[in-house]
2 protein chains.
Amino acid sequence: MNNRTNYSEDVLLMAKYAKALAHPVRIYILKKLSKMNSCCYSGDLVDELPIKRSTLSQHLKELKYVGLIQGEIEPPFIKYCLNTYEWEKLKNIFSELLND
Amino acid sequence: MNNRTNYSEDVLLMAKYAKALAHPVRIYILKKLSKMNSCCYSGDLVDELPIKRSTLSQHLKELKYVGLIQGEIEPPFIKYCLNTYEWEKLKNIFSELLND
DNA sequence: TTTATATTTCGCAAAATTACGAAATAATTT
DNA sequence: AAATTATTTCGTAATTTTGCGAAATATAAA
């Protein structure tokens, strides 16, 4: 029926990143982390967001899974930071689309 | 429990756009339309993508719903074009995030 | 070693997404 | 009016996402 049975690498990668961005909680977190290239704690985030700890944890897990953030254990906290390498990759792939 | 019970307009808008981009088919379509600011037909797209007509139609509907494309009836075809106003809005909101 | 703190994992439910084929719609041609 | 063409809508099913509370984990403090 159809000729094309798969997508280009670029399209797939962009869809992966877009999916990671497709929830207000995850946008909020990434915006916060990228804004001053800082890190943050799950405990701080849960006070700023209308979701419970376990739900926040799932969103953090998703961002970790696509590689956009990484968690450093800093007992008794876990400090989450932007993975700048992956973040640059995201920025490049989006810039390509956005700048025609 | 939580202090914050809602998200900023920017965060919500970006999540909405990111969701629209969160599928290879929709990225493919938007890339195609934005690349030369052109239009395209459902019938052309279905030959380039590994999905059936009815599924493509659903993806087009979603893009229409968020306002990123618009369909002009041009019997017996429907010509889909980028909604440049909405596309600029998307670009602006993403640029803000991507350029720190 | 018990207690307290910070966070995650598990199990579950509700809702949304993705995909398809069949039927419907709408305009054109025969 | 019947047949054709391009596309959408409907009904359905499988999968994924989102959210929660309870239990588990891991470390530090008492």
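Below, read A as the first sequence line, B as the second, and so on, with proteins coming before strands; counting in each chain starts at 1.
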>> Output the rounded distance in Å from CD (A:Glu72) to P (D:dT27).
In response: 16 Å
> At their closest point, which heavy atom of A:Leu63 faces which heavy atom of A:Ala20, and how far apart are they?
Replying inline: CD2-O, 4.0 Å
>> From CG of A:Asp47 over to P of C:dA6, roughly how many Å is that when rounded to an integer?
In response: 10 Å
> Between atom CZ in B:Arg26 and atom P in C:dA16, what is the gap in whole Å?
Replying inline: 15 Å
> Stepwise, does the side-chain hydrogen bond (donor to acceptor under 3.5 Å, both in side chains) test hold for B:Glu74 with B:Tyr41?
Replying inline: CA-CA 10 Å; B:Glu74 202 179 69; B:Tyr41 299 92; 2.7 Å; yes
>> Would you say B:Ser54 places a side-chain N or O within less than 4.0 Å of OP1 or OP2 belonging to D:dT7?
In response: no
>> I'd like to know if A:Glu62 pairs up with A:Lys19 as an ion pair, taking the criterion as any Lys NZ or Arg NE/NH1/NH2 lying under 4.0 Å from an Asp or Glu carboxylate oxygen.
In response: no
> How close or far is atom P of C:dT7 from atom NZ of A:Lys79, stated in whole angstroms?
Replying inline: 13 Å
> For B:His23 and C:dT17, what is the distance between atoms NE2 and P respectively, to the nearest whole Å?
Replying inline: 12 Å
> Between D:dT18, C:dT8, C:dT18, which one does the side chain of A:Tyr80 approach most closely?
Replying inline: C:dT8
> Is B:His59 near enough to C:dA19 that one of its side-chain N or O atoms lies under 4.0 angstrom from OP1 or OP2?
Replying inline: yes
>> If the cut-off is 4.0 Å, is A:Lys19 near the phosphate of D:dT17, judged by side-chain N/O to OP1 or OP2?
In response: yes
> What integer distance in Å separates B:Ile51:CD1 from D:dT8:C1'?
Replying inline: 14 Å
> Where the side chain of B:Ile78 is concerned, which of C:dC20, D:dT8, C:dT8 is the nearest nucleotide?
Replying inline: D:dT8
>> From CD1 of B:Ile73 over to P of D:dT5, roughly how many Å is that when rounded to an integer?
In response: 20 Å
> Counting any heavy atom closer than 4.0 Å, what does B:Gln58 reach on the DNA or RNA strands: base, sugar-phosphate only, or nothing?
Replying inline: base
> For DNA chain C, whose closest nucleotide is more 5', that of A:Thr55 or that of A:Phe77?
Replying inline: A:Phe77
> Taking the side chain as C-beta and beyond, is there a heavy-atom pair between B:Val25 and B:Leu45 under 4.5 Å?
Replying inline: no
> Phosphate oxygens OP1/OP2 of D:dT8: is one of them under 4.0 Å from a side-chain N or O of B:Ser42?
Replying inline: yes
> What is the minimum heavy-atom distance between A:Lys32 and A:Cys40, and which atoms define it?
Replying inline: CE-CB, 4.4 Å
>> Tell me the interatomic distance from B:Tyr65, atom OH, to C:dT17, atom C1', rounded to whole angstroms.
In response: 14 Å
> Looking only at side-chain N and O atoms, does A:Arg53 come under 4.0 Å of OP1 or OP2 in C:dT9?
Replying inline: no
